[in-house]
Amino acid sequence: FYLTELKRKYGSYPNVQLEKLDLSPQGTIPVTVRDFQPDSIVCLNVLEHIEDDGEALRRMKSILVPGGKLVLIVPAHQNLYCEMDKNLGHYRRYEKKDLLQKLEAAGFLVEHFRFINMLGALGWFVNGKILRRKIVPTRQLRIFDFLVNLLGIEKIINPPIGLSILIAGRNTAR
């Protein structure tokens with residue numbers, strides 16, 4: 001669904017290529033992607049679904065041109081991992097130190113790191129850890145969509161915690 005929507009919205013841009021990639025060790029990267037030589041990869045809420053995330057990061061680096069950028073959003077704080085994560089197909093949530101190490105080991109220089117959605121972290125903790133829910137209630141999602149506008153404060157402050165991590169790195173290959 002999301003790939004179709006992205007292609008509908010951005011597919012006509014000559015400098016954009018949208019592909020469904022299998023970044024697992026068994027997956028193949030289409031020649032069209034390698035020929036395109038992307039200078040940026042945006043990977044939002046995907047890495048946590050890949051068992052060998054280190055290999056996936058190395059494969060993304062192999063696609064990028066030298067100096068190319070990788071932007072990731074991943075779930076934060078392993079201590080928040082719960083049944084909701086399992087039901088979403090997450091292998092893990094990420095700690096700052098571990099994620100920085102994984103990116104550096106894959107050959108990226110981290111240029112930006114921040115936690116995002118601190119309000120969502122509280123909701124995830126209450127729903128997943130205290131109430132032990134298996135899914136996020138639909139009504140709460142609607143309320144959260146409304147409240148997310150209040151998170152504009154996160155543009156001013158750098159929150160110390162968050163439901164997710166936004167991280168950007170540069171391919172160090174020359």
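Being a predicted model, the structure only gives us computed values, none of them experimental.
- Smallest separation of non-hydrogen atoms from I165 and F113: CG2-CE1, 3.4 Å.
- Note: N158 CG to R114 CZ = 4.5 Å, rounded to the nearest 0.5 Å.
- Heavy-atom minimum distance, A121 versus I161: CB-CD1, 4.5 Å.
- Here the straight-line distance linking atom CG of L21 with atom OG1 of T28 works out to 9.0 Å at 0.5 Å rounding.
- Linking ILVMFWY residues whenever their side-chain heavy atoms come closer than 4.5 Å, directly or via other members, leaves L163 and L47 in distinct clusters.
- Using modelled atom types, no side-chain atom of E154 and backbone atom of P159 make a donor-acceptor pair closer than 3.5 Å.
- L44 pairs in a side chain to side chain contact (heavy atoms under 4.5 Å, CB included) with only one of the listed residues (L72, V74, I73, L166), which is I73.
- Scanning all heavy atoms of the two residues, the minimum distance from I50 to R92 falls at O-NH2, 2.9 Å.
- Summarising the geometry, atom CG belonging to D53 is positioned 11.0 Å from atom CG belonging to L23; distances are rounded to the nearest 0.5 Å.
- Between the N87 side chain and the K134 main chain, a donor and an acceptor come within less than 3.5 Å of each other.
- Under the 4.5 Å side-chain contact rule for hydrophobic residues, W124 and L122 share a cluster.
- Looking at L99 and V110, their side chains never come closer than 4.5 Å, going by heavy atoms from C-beta outward.
- V126 and M84 fall within the same hydrophobic cluster, defined by Ile, Leu, Val, Met, Phe, Trp and Tyr side-chain heavy atoms under 4.5 Å apart, directly or through other members.
- Heavy atoms only, all atoms of each residue included: I29 and R59 are closest at CG1-NH2, 3.4 Å.
- Side chain of K61 to main chain of P66: no donor-acceptor pair is present (N/O by atom type, distance under 3.5 Å, no hydrogens or angles).
- Between C43 and V46, the closest heavy-atom pair is SG-CB, 3.5 Å.
- Distance alone, capped at 3.5 Å, is enough to place a donor-acceptor pair between the R93 side chain and the A76 backbone.
- Both V136 and L131 belong to a common hydrophobic cluster when Ile, Leu, Val, Met, Phe, Trp and Tyr are linked at side-chain heavy-atom distances under 4.5 angstrom.
- Checking side-chain atoms of H49 against main-chain N and O of L88 turns up a donor-acceptor pair under 3.5 Å.
- The CG atom of N15 sits 8.0 Å away from the CG atom of D39 when rounded to the nearest 0.5 Å.
- Across all their heavy atoms, K102 and Y94 have their closest contact at CD-CE2, 4.3 Å.
- Checking side-chain atoms of N127 against main-chain N and O of G123 turns up a donor-acceptor pair under 3.5 Å.
- Within a 6.0 Å radius of CG in L109, other residues, nucleotides and ligands contribute more than 12 heavy atoms.
- Within the 3.5 Å criterion, the main-chain N or O of F115 finds no donor-acceptor partner in the side chain of K96.
- S164 places no side-chain N or O within donor-acceptor distance of the main-chain N or O of I116, the cut-off being under 3.5 Å.
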* Passes side-chain contact (heavy atoms from CB on, under 4.5 Å), Q101 versus D98? Steps please. -> CA-CA 5 Å; Q101 287 175 346; D98 298 329; 4.1 Å; yes
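- Sorted by first and then second residue, the ring-ring contact (aromatic ring centres under 6.0 Å, His included) pairs with a member in residues 153-174 form an empty list; sequence neighbours excluded.
- Residues N171 and V65 fail the side-chain proximity criterion, which asks for heavy atoms closer than 4.5 Å.
- Of the inter-residue distances, the one linking E5 atom CD with Y10 atom OH reads 10.5 Å to the nearest 0.5 angstrom.
- Note that the CZ atom of F36 and the CD atom of E19 stand 9.5 Å from one another [nearest 0.5 Å].
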* Evaluate the side-chain contact (heavy atoms from CB on, under 4.5 Å) criterion for residues D52 and R58: first the C-alpha distance (whole Å), next the side-chain angles of each, then the deciding distance (0.1 Å), finally the verdict. => CA-CA 10 Å; D52 190 346; R58 286 186 291 280; 4.2 Å; yes
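- I130 and L80 fall within a single hydrophobic cluster, where Ile, Leu, Val, Met, Phe, Trp and Tyr side chains are chained together by heavy-atom contacts under 4.5 Å.
- Applying side chain to side chain contact (heavy atoms under 4.5 Å, CB included) to I41 and the options V33, V71, L64 leaves one that passes, L64.
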